[in-house]
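Here the structure is laid out as structure tokens; the discussion comes afterwards.
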Amino acid sequence: MNRIARDFPPNSEAGFISLIQSSQSLHHLKQIHALVLRLHLFFSSIPISTQLLSSSSRLHSIPFSLSLFRLSPCPSPSLFNALIRALSDHSLPFLALSHFALMFNSSLRPGRLAFPFALKSAAALSQPSLAFSLHAAASKASLDLDSFVRTSLADMYVKLGFLDCALNVFDETPAWHLAGNVLLWNVVLNGLCRDGDVERARELFDVMPERSVASWNSLVHGLLKRGDLDAAVELFEGMPERNVVSWTTMVVGLSRNGDNQRAVWMFDRMLENGVRGNEFTVAAALSACARMGALESGLRVHEYALANGFRENGAVGTALVDMYSKCGKIECASEVFDRMERRDVLTWTAMIMGWAIHGHWRKAFQCFEDMKCARVKPDDGVFLAVLMACVHSGKVEKGLELFDSMRFYYQIEPTMKHYTCIVDLLGRAGRLEEALEFMKAMPVEPDFVLWGALFSACRVHKNIEMAELAAENLLRLKPSHSGGYVFLSNMYSSARRWDDAEKVRTTMKDQSVGKSPGWSYIEVRGQTHCFYAGDQSHPQSNEIHNRLEELVLRAKEQGYEPDTECVLHDIEDEDKEDSLECHSEKLALAFGLISTANGEEIRIVKNLRVCGDCHSLMKVASLICGREIILRDNKRFHHFNSGVCSCGDYW
DNA sequence: CTAGGGTTAG
């Protein structure tokens, strides 16, 4: 206290500057400003006004920055620079550039400190013509030899997608200049990785005079983006140092490539290495748990987040909503959602999608209405989520209405995903002709996924002619994809056209197309147990099979009849009766029954759609075992309780 | 002036 009293108010310019730099609130800053004005001390001092402006930007008060600028009767170059930087830092590229123009047209020409932020703003506005003009202006002012300016130029071109221009900037940089500018190397390296040219990036990486963590991070990201997991992991393991970005890159990359188990493991390893995650690392880890349906891991990450002061907001909040909903805990998702203070369009999408996959269409619609009341502007993703709610509950008219309002009222251009949703919506409801007509009227060529949606609808509603058409297109679009063959073969089997089914099977074997195996997994006390169809590799295999047999016997007493048609769909299994009993979800269920306490809920995650037979067995099992069974298939959730399923047998 | 980042159809 004493010390402050003695030095206050400062009696030198330097004293004021350090006071300004240490200010921790806007209020404090304004008091200092008032003092400067009142004491008529240094009020026209360039360093003091510049420092005031920079500090107001640091404290995120752009209005105050602007008024400081306007108050200045004769703005100095450094005040201009500080303002342009402040505006650029706060994503106000248009304002930044208009002040840059003001400076440019005054007698004060922008210097090496103003250009970089103007270039960044031009990139943010994605205005190529502006970018080229700025480049020319920098050359004319002979500033393009400055390393700060050159790096910004290259970065601007990368962000605008003009990789060639960025490479030109790089190539035309004198060697002596390049040697000491890691940042320029990194910018180009990153540009190459973003463009998918990892080979060239690697070459550049190998000859770099000096590398920073960012160089490694870029290359790791490039490899992950390409799906080259092994190479990425190898590079990552060989890094001389890793920071939070490195770890986040790995968690996200592994998860996006389907290796969620390893993604969560990476997150744990990061913590073991004493690196503190940020909100995005936490969100990425939660996302990996969500994709796996691993509730126990998800809960652990949630605990970490709470213990480390991450608010249930923004990316973390959204990821939590998504994690709980994809792990079967829709009520928990809803609780987190209600607790959140700010919800953006992604948060609403995650919540609506949650209600949709759990079959609560009313909740999904209500949520959509609430979102509009909260004045959050719907985007294409939200419509996808609401459409999904319609698909999973057979609300055909409502879905078509939504689709039209999206296009005509909200002026949102539908994507292939939306078209697929509509075809799925019509198809599932048995309105196949309409679905096909809809496809013909689409402005774009249907893709593999869309034909797949039509095909499954044909199978459910046993329309062989249309199914053949769909199958032809599936095979045309992806000859190597096993799905097309499996679909086709299944269809012939269902129609008892054994010869045709056999023909397809032979073609499949000739071209050595593999079928992706079905698996299910269940988490029991922090351990995950994965089962394949007909799996006998589990140490408790005998017990599991016995428990399953017993269950089937008791289920039959309750009127359960094995549905052999499902077996026919499993073209690789020769022995019908056996295979029916060995679907992976049944094994997971039996294991769940013997390894959890009576009455405890059983959560199973499956990578394919649940078959009709397993679905009926699950229903009966929930009744005779008095358990809630929560099954996530690759589309949605089935909550089995007292003999009924939440999907209402519509899936 | 550099690296990573939450939701989304079959």
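Just so it is clear, the values below take in all heavy atoms, side chains as well, and ignore hydrogens, waters and symmetry mates. By convention in this document, chain letters (A, B, ...) are assigned in the order of the sequence lines, proteins followed by strands, and residues within each chain are numbered from 1. Note that the structure is a prediction, hence the values are computed from the model and not measured.
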**Q.** Sugar-phosphate, base or nothing in reach of A:Ala284, heavy atoms under 4.0 Å
**A.** nothing

Q: Establish, with yes or no, whether the OP1 or OP2 oxygen of B:dA3 is under 4.0 angstrom from a side-chain nitrogen or oxygen of A:Asn190.
A: yes

**Q.** Interatomic distance where CD1 belongs to A:Ile84 and P belongs to B:dC1 [whole Å]
**A.** 13 Å

(Q) Using a 4.0 Å cut-off on heavy atoms, which residues in residues 380-393 of chain A reach DNA chain B? List them by number, or say none. (A) A:Gly381, A:Leu384, A:Met388

Q: State which of B:dT7, B:dC1, B:dG10 makes the closest approach to the side chain of A:Thr318.
A: B:dT7

Q. How close do A:Gly191 and A:Leu163 get, heavy atom to heavy atom, and via which atoms?
A. C-CD1, 3.7 Å

**Q.** Phosphate contact (B:dT2 OP1 or OP2) by A:Lys159 side-chain N/O below 4.0 Å
**A.** yes

Q | Per A:Lys417 side chain, nearest of listed nucleotides B:dG6, B:dA9, B:dC1 | A | B:dA9

Q) Can you name the nearest heavy-atom pair linking A:Arg343 to A:Asp338, along with the distance? A) NH2-O, 3.3 Å

Q. When you check the phosphate oxygens OP1 and OP2 of B:dC1, does a side-chain N or O of A:Arg85 lie under 4.0 Å from one of them?
A. yes

Q) With a 4.0 Å cut-off on heavy atoms, is A:Asp344 in touch with a base, just the backbone sugar-phosphate, or nothing at all? A) base

Q: Can you figure out which of B:dA9, B:dG6, B:dA3 approaches the side chain of A:Thr347 most closely?
A: B:dG6

**Q.** For atom CD1 of A:Ile352 and atom C1' of B:dT8, their distance in whole Å
**A.** 12 Å

Q. Should the ring pair A:Tyr157 and A:His135 be called parallel, tilted or perpendicular, given that the plane angle runs from 0 to 90° and is split at 30 and 60?
A. tilted

Q: Check the pair A:Asp633 / A:Lys635 against salt bridge (Lys or Arg N to Asp or Glu O under 4.0 Å), numbers first and verdict last.
A: CA-CA 5 Å; A:Asp633 69 13; A:Lys635 287 276 101 53; over 6 Å; no

Q: Whole angstrom is fine here: how far is it from CG in A:Leu235 over to C1' in B:dA3?
A: 13 Å

Q. Between B:dC1 atom P and A:Arg150 atom CZ, what is the distance in whole Å?
A. 18 Å

**Q.** Options B:dG4, B:dT8, B:dA3, nucleotide nearest the side-chain atoms of A:Val213
**A.** B:dA3

Q: Ignoring backbone atoms, test whether A:His221 places a side-chain nitrogen or oxygen under 4.0 Å from the OP1 or OP2 oxygen of B:dG4.
A: yes

Q: Tell me which nucleotide among B:dG4, B:dA3, B:dT2 gets nearest to the side chain of A:Ser218.
A: B:dA3

(Q) Taking the minimum atom-to-atom distance to the side chain of A:Val252, which one of B:dG6, B:dA3, B:dG10 wins? (A) B:dG6

(Q) Classify A:Gly317 by what it touches in the nucleic acid, base, sugar-phosphate, or nothing, heavy-atom distance under 4.0 Å. (A) nothing

Q | Given B:dG10, B:dG4, B:dC1, the nucleotide with the shortest approach to the side chain of A:Val244 | A | B:dG4

Q.
Whole angstroms only, please: what is the CG-P distance between A:Leu192 and B:dT2?
A. 17 Å

Q: Calculate the interatomic distance between A:Leu219 atom CG and B:dT2 atom C1'; express it in whole Å.
A: 14 Å

**Q.** d(CG, A:Leu119; P, B:dT2) in whole Å
**A.** 11 Å

Q.
Can you tell me which nucleotide in B:dT2, B:dA9, B:dC1 comes closest to the side chain of A:Val187?
A. B:dT2

(Q) Give me each pair satisfying salt bridge (Lys or Arg N to Asp or Glu O under 4.0 Å) with a member in residues 314-327 of chain A, each pair once, sequence neighbours excluded. (A) A:Asp322-A:Lys326

Q | Ring centroid separation A:Trp451 to A:Phe455 under 6.0 Å | A | no

Q.
Base, sugar-phosphate or nothing for A:Arg194? Non-hydrogen atoms, less than 4.0 Å.
A. sugar-phosphate

Q. Under 4.0 Å between a side-chain N or O of A:Lys326 and OP1 or OP2 of B:dT8?
A. yes

(Q) Categorize A:Arg211 for me: base, sugar-phosphate, or nothing, with a 4.0 angstrom heavy-atom threshold over every strand shown. (A) nothing

**Q.** Nucleotide nearest A:Arg428 (side chain, heavy atoms from C-beta), chosen from B:dT2, B:dG10, B:dT7
**A.** B:dG10

Q) What are the two closest heavy atoms between A:Ala429 and A:His461, and how far apart are they? A) C-NE2, 4.0 Å

Q. Should A:Arg256 be listed as having a side-chain N or O under 4.0 Å from OP1 or OP2 of B:dG6?
A. yes

**Q.** Nucleotide B:dT7, atom C1' - distance to CZ of A:Arg343 in whole Å
**A.** 15 Å

Q: Select base, sugar-phosphate, or nothing to describe what A:Asn243 touches, counting heavy atoms under 4.0 Å on all strands.
A: base

(Q) To check you understand the geometry: which heavy-atom pair defines the closest contact between A:Gly227 and A:Asn257, and what is its length? (A) CA-OD1, 3.4 Å

Q: Take A:Lys159 and A:Asp155, measure what salt bridge (Lys or Arg N to Asp or Glu O under 4.0 Å) needs, and give me the verdict at the end.
A: CA-CA 6 Å; A:Lys159 288 195 173 123; A:Asp155 185 47; 2.7 Å; yes

Q: Measure from the side-chain heavy atoms of A:Phe148 and tell me the nearest of B:dA9, B:dC1, B:dG6.
A: B:dC1

